Amino acid sequence: MTGIGSTLLPLLFITMASLTHGLQEADLVFVGDAMQHKAQIDAARRSGGAYDYSECFVSLHDYIGNADYAVVNLETPLGGRPYTGYPCFSSPESYVDALRKAGFDLFLTANNHTLDKRDKGLIRTIDSLDIRGIDHIGTYRNLAERDSVMPFIRDINGFKIGFINCTYGTNGIRLTSDAVVDYIDRGRIKADIDSARAHGAELIAVCIHWGDEYRLLPNDSQRRLADFLVDNGVELVIGSHPHVIQPIELRTDSAGNKALVVYSLGNFISNMKTRDTRGGIAVKVKLKRDGEGKACVAQASYRLLFTVPPSDGRNFMVLPAEDVDHPLWKGHCLSFTKSAEQIFNKHNVGVERDTLPVQSTKNEDVDKIFRRMLGVLQK
């Protein structure tokens, strides 16, 4: 660019940055369990031994990619060949490549399938994510590595966010090496919260694998642990594991501070076949600063997602539920949607469904560009 344009563009950026100063925002997106059943592996298999998942998430690339930071629960180790589905998973690395291309920034690895391929699979998963430069938390090669990673804090548009990931268990499989899995332990979680605060985290997200499978309401243990986390200052409690959705609460305390509790995001993608396991939700959280400049959770919304199984030579595909029009699966999606909405309409607090069209990244957010620039300027 030359001439007037090259002069005006920097001035425009500076002007817009100054106009938006104090209106700093960031959008986080969380989705649930990225499963990998045998039917998914079979559908992705190509001649020559390759596995192609590129079609699975294309309908959500803009929604996920437009977030400033997106988080997914990787509920399968990258344990190497032979690739296997339930009950002991092992997935191709190309699965992670497709999730990363879809726009996910942080991969959670502490879940009940973490040790499906034992310690070797846990370490191979870490190696594969590290080679790709992907953020991940929840499992570690050893305690020294955990100590070097935690507290895990990311600067997202100028917001310093601490992330914690832990699981209730690993299906009875025990570690046999120095590898570390972050299990649910209130003492360690409290220490991680305190450490994150001490290192400058303004907000904390605890991504937790808990609850009863296939149950649409949280159990007493989930409720008590959610209360414990919120009482200890956690602003985002993000749950997974039940493979079905559970309610969402945007709590406000007496001082006006907000904390979001998502009891279960449900499945992101899977080959589960019951009404309530065919889909899940994506939760979008908007962060802002109050009048005193303090970071806070401003609002949250959810989007219903549905997995359409392969047909006509196509792979599994995750779609916004409102976009499912396949003649074989539209009825199933409507059934899933009706069940989820019954739960959310009765039990949600302060969080509504988002049904706005997923915008194109090409047209979206000149505002997002300025916000990202502001984040850099304010670091």
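Scope of the values below: all heavy atoms of this structure, side chains included, with no hydrogens, waters or symmetry mates. The shown structure was predicted, so the numbers you read here are calculated from the model rather than taken from an experiment.
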I'd like to know if [X] pairs up with [Y] as an ion pair, taking the criterion as any Lys NZ or Arg NE/NH1/NH2 lying under 4.0 Å from an Asp or Glu carboxylate oxygen.
{"X": "Asp97", "Y": "Lys101", "value": "no"}
{"X": "Asp68", "Y": "Arg154", "value": "no"}
{"X": "Asp42", "Y": "Arg45", "value": "yes"}
{"X": "Arg100", "Y": "Glu93", "value": "no"}
{"X": "Lys294", "Y": "Glu292", "value": "no"}
{"X": "Arg303", "Y": "Asp323", "value": "no"}

- Among Arg197, Arg289, Lys160, salt bridge (charged side-chain N to carboxylate O under 4.0 Å, His left out) partner for Glu202: Arg289
So, [X] side chain and [Y] main chain: donor-acceptor pair closer than 3.5 Å or not?
{"X": "Gln40", "Y": "Met35", "result": "yes"}
{"X": "Asn267", "Y": "Thr277", "result": "yes"}
{"X": "Thr125", "Y": "Leu78", "result": "yes"}
{"X": "Asp178", "Y": "Asn142", "result": "no"}
{"X": "Asn171", "Y": "Asp116", "result": "no"}
{"X": "Asn111", "Y": "Leu74", "result": "yes"}
{"X": "Asn219", "Y": "Gly211", "result": "no"}
{"X": "Asn157", "Y": "Glu25", "result": "yes"}
{"X": "Tyr140", "Y": "Gly138", "result": "yes"}
{"X": "Arg278", "Y": "Lys273", "result": "yes"}

- Cationic tip of Arg224 within the cone over Phe228's six-membered ring, i.e. under 6.0 Å and within 45° of the normal?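 No, Arg224 does not lie over the aromatic ring of Phe228.
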Take the angle between the ring planes of [X] and [Y] and call it parallel below 30°, perpendicular above 60°, tilted in between.
{"X": "His241", "Y": "Tyr168", "value": "tilted"}
{"X": "Phe306", "Y": "Phe336", "value": "tilted"}
{"X": "Tyr86", "Y": "His113", "value": "perpendicular"}

Where is the tightest heavy-atom contact between [X] and [Y], given as atom of each residue plus distance?
{"X": "Phe344", "Y": "Pro247", "result": "CE2-CA, 4.0 Å"}
{"X": "Thr176", "Y": "Asp119", "result": "N-OD2, 3.0 Å"}
{"X": "Asn165", "Y": "Cys207", "result": "ND2-O, 3.0 Å"}
{"X": "Ser335", "Y": "Arg275", "result": "OG-CD, 3.2 Å"}
{"X": "Arg132", "Y": "Ser128", "result": "NH1-O, 3.1 Å"}
{"X": "Ala321", "Y": "Cys333", "result": "O-SG, 3.4 Å"}

Hydrophobic clustering (ILVMFWY, side-chain heavy atoms < 4.5 Å, transitive) - are [Y] and [X] grouped together?
{"X": "Tyr183", "Y": "Phe152", "answer": "no"}
{"X": "Ile137", "Y": "Val206", "answer": "yes"}
{"X": "Leu216", "Y": "Trp210", "answer": "yes"}
{"X": "Leu106", "Y": "Ile126", "answer": "no"}
{"X": "Ile131", "Y": "Phe107", "answer": "no"}

Roughly how far, to the nearest 0.5 Å, is the [atom2] atom of [Y] from the [atom1] atom of [X]?
{"X": "Leu305", "Y": "Thr337", "atom1": "CG", "atom2": "OG1", "result": "10.0 Å"}
{"X": "Trp329", "Y": "Met317", "atom1": "CH2", "atom2": "CE", "result": "14.5 Å"}
{"X": "Tyr51", "Y": "Ser91", "atom1": "OH", "atom2": "OG", "result": "10.5 Å"}
{"X": "Leu28", "Y": "Leu203", "atom1": "CG", "atom2": "CG", "result": "8.5 Å"}
{"X": "Leu260", "Y": "Leu236", "atom1": "CG", "atom2": "CG", "result": "6.0 Å"}
{"X": "Ser264", "Y": "Ile208", "atom1": "OG", "atom2": "CD1", "result": "12.0 Å"}

Please indicate whether [X] has more than 12 foreign heavy atoms, meaning atoms of other residues, nucleotides or ligands, lying under 6.0 Å from its [atom1].
{"X": "Arg174", "atom1": "CZ", "value": "no"}
{"X": "Glu213", "atom1": "CD", "value": "yes"}
{"X": "Arg314", "atom1": "CZ", "value": "no"}

- Message: Taking the ring of Phe89 and the ring of Tyr95, is the distance between their centroids below 6.0 Å?
- Response: no
- Give a yes or no on whether the ring-centroid distance for Phe104 and Phe268 is below 6.0 angstrom.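 Phe104 vs Phe268: aromatic centres under 6.0 Å.
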- Is there a donor in the side chain of His136 and an acceptor in the side chain of Asp130, or the other way round, less than 3.5 Å apart?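 Short answer, yes.
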- Modelled atom types, side-chain donor and acceptor of His326 and Ser311, under 3.5 Å: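 A pair is found: one side chain offers a donor N or O, the other an acceptor, under 3.5 Å apart.
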- Worked verdict on Asp290 versus Lys258 for salt bridge (charged side-chain N to carboxylate O under 4.0 Å, His left out): CA-CA 12 Å; Asp290 63 19; Lys258 294 187 185 321; over 6 Å; no
- Message: Assess the residue pair Glu352 and Ser301 against the criterion (side-chain contact (heavy atoms from CB on, under 4.5 Å)); give the C-alpha distance rounded to whole Å, side-chain angles, the decisive distance to 0.1 Å, and a yes or no.
- Response: CA-CA 5 Å; Glu352 301 292 335; Ser301 63; 5.9 Å; no
- Start with the C-alpha distance between Asp135 and Tyr69, add both sets of side-chain angles, then the distance that settles side-chain hydrogen bond (donor to acceptor under 3.5 Å, both in side chains), and finish with yes or no. CA-CA 11 Å; Asp135 283 353; Tyr69 203 70; 2.7 Å; yes
